[in-house]
S.K.: 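Encoded as structure tokens, here's the structure I'll be asking about.
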Protein chains: 2
Amino acid sequence: MEDEVDRLVAAWRRERPDLDVEPLEVLSRVSRLARHLDRARRLAFAEHHLEPWEFDVLTALRRAGTPYQLSPGQLLTQTLVTSGTMTNRIDRLTKKGLVERLPDPNDRRGVLVRLTDEGRDRADQALAGLLDQERAILAELSRTQRGELAGLLRRLTGPFDNIPG
Amino acid sequence: MEDEVDRLVAAWRRERPDLDVEPLEVLSRVSRLARHLDRARRLAFAEHHLEPWEFDVLTALRRAGTPYQLSPGQLLTQTLVTSGTMTNRIDRLTKKGLVERLPDPNDRRGVLVRLTDEGRDRADQALAGLLDQERAILAELSRTQRGELAGLLRRLTGPFDNIPG
DNA sequence: GTCGATTGTCTTGACATCGAGAGATCCCTC
DNA sequence: GAGGGATCTCTCGATGTCAAGACAATCGAC
């Protein structure tokens, strides 16, 4: 099946035959697919009355395991947002009763963000919904192909994730 | 090489052993890689004093071929943003002298956005820079692997691009 | 021709994000 | 134990985006 990137690449080859645009075959598809996924995620979460950014924060805490608490700084590195953004997110999640701020007993500069019981339930429900949606998208591929795809992508993400940046 | 998604998946398997989180192996990598690419693109464009959104609009016009003009509506569908956003972008690009608005001779409701000579040059330069950067990222893979990866990704993007949504 | 629905663009208000920097606390060296 | 740099969180202003709706022109049916 042809996709938008095939058309994009064909247009570039017509307009700039001097350039090698092969990299776009991979990376433009990654960017565009990510955009489509964002929309799909937003829809999936709407059923649970959660925004994508709320899901990101709540699930980071959920993954941490009991007692479901992390510092704002740890949340920063997991969600790849700036500190100002994280302060704002914690404020709003606190107002909604999904997380609470506690003083860090070991560092008086610090704060711990803890998931409330409701926050934990909402995160669990939204995750299940997201996985259902993602399974539907991936049904295009066989199990073997999904494994290959994951492996190839890991080759590309590895350098970013391990050399900090 | 292990990446952040390996750690994320391992955490979910520990916390939610009842769930099948295999879809994350593929789609979380897509989302995270797209985020890293956004940062890399921003850096690459900074050398040419262009923002990513400026690049998106200018190159859509560049790809259209001479006389390098499209309606705002056509630009919407190519860049996946809303109409309000596109109006704002065209305004700012016009102020910078990279595009100009012309009345559509065939539809008095309509407008045509045309690339200026400077806009065309800037788009061409930025594209070359972007391709260099992308080639470096993709050097992790062989030519054959890049082809496989592109093919697998096309299977996933195809449904989004062809069934409108 | 005329009316209603549709199309194409722009306007407005709300909102989430970023970047830079402030203030408080911690840690290491002397 | 005192000083200076590093770390942690929050504040503030600017900005880009979205969603909903306004307005004008077009198209189709009668």
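Chain naming here is simple, since letters A, B, ... match the order of the sequence lines and numbering starts at 1 in each.
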S.K.: Picking from D:dA25, C:dC18, D:dC18, which would you name as closest to the side chain of B:V81?
M.R.: D:dC18
S.K.: Rounded off to whole Å, could you give me the CG-to-P distance for the B:L80 and D:dT17 pair?
M.R.: 13 Å
S.K.: If only side-chain N and O atoms count, and only distance matters, is there a donor-acceptor pair under 3.5 Å linking B:D3 with A:T157?
M.R.: yes
S.K.: Hey, does the side chain of B:R108 come within less than 4.0 Å of D:dA24's phosphate (OP1/OP2), counting only N and O?
M.R.: no
S.K.: Could you check how far CG of A:D56 sits from P of C:dA16, rounded to whole Å?
M.R.: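 Answer to the nearest Å: 14 Å.
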S.K.: Can a donor-acceptor pair be found between the side chains of B:S28 and B:S31 at a distance below 3.5 Å?
M.R.: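 No, no side-chain donor-acceptor pair sits under 3.5 Å.
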S.K.: Quick one: bend of the helix from C:dG1-D:dC30 to C:dC30-D:dG1 from 5 pairs per end, to 10°?
M.R.: 30°
S.K.: Could you give the CG-to-C1' distance, from A:L75 to C:dT17, as a whole number of Å?
M.R.: 17 Å
S.K.: A:L93 has an atom CG; how far is it from atom P of C:dA16, in whole Å?
M.R.: 11 Å
S.K.: Answer yes or no: is there a side-chain heavy-atom contact under 4.5 Å between A:R135 and B:E22?
M.R.: no
S.K.: Take the protein atom CG of B:N106 and the nucleotide atom P of D:dT26, then report the distance between them rounded to whole Å.
M.R.: 10 Å
S.K.: So A:L141 and A:L149, do their side chains get closer than 4.5 Å, heavy atoms only?
M.R.: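 Side chain of A:L149 against side chain of A:L141, heavy atoms only: contact under 4.5 Å found.
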S.K.: If a protein heavy atom is under 4.0 Å from the base, mark B; if only from the sugar-phosphate, S; if neither, -; do that for nucleotides 2-16 of chain D going 5' to 3'.
M.R.: -----B-SBB----S
S.K.: Out of A:R122, A:R62, A:R92, A:K96, which one pairs with A:E54 under the salt bridge (charged side-chain N to carboxylate O under 4.0 Å, His left out) rule?
M.R.: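 Per the salt bridge (charged side-chain N to carboxylate O under 4.0 Å, His left out) rule, the option paired with A:E54 is A:K96, out of A:R122, A:R62, A:R92, A:K96.
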S.K.: If we ignore hydrogens and angles and just use 3.5 Å, is the side chain of B:R29 paired with the main-chain N or O of A:L153 as donor and acceptor?
M.R.: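 No, B:R29 side chain to A:L153 backbone: no donor-acceptor pair under 3.5 Å.
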S.K.: Treating Ile, Leu, Val, Met, Phe, Trp and Tyr as nodes and any side-chain heavy-atom pair under 4.5 angstrom as an edge, say whether B:L138 and A:L8 lie in one connected cluster.
M.R.: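 Result: no, two separate clusters.
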S.K.: Below 4.0 angstrom, N of the basic side chain to O of the carboxylate: do A:D91 and A:R101 qualify?
M.R.: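 Yes, A:D91 and A:R101 are salt-bridged.
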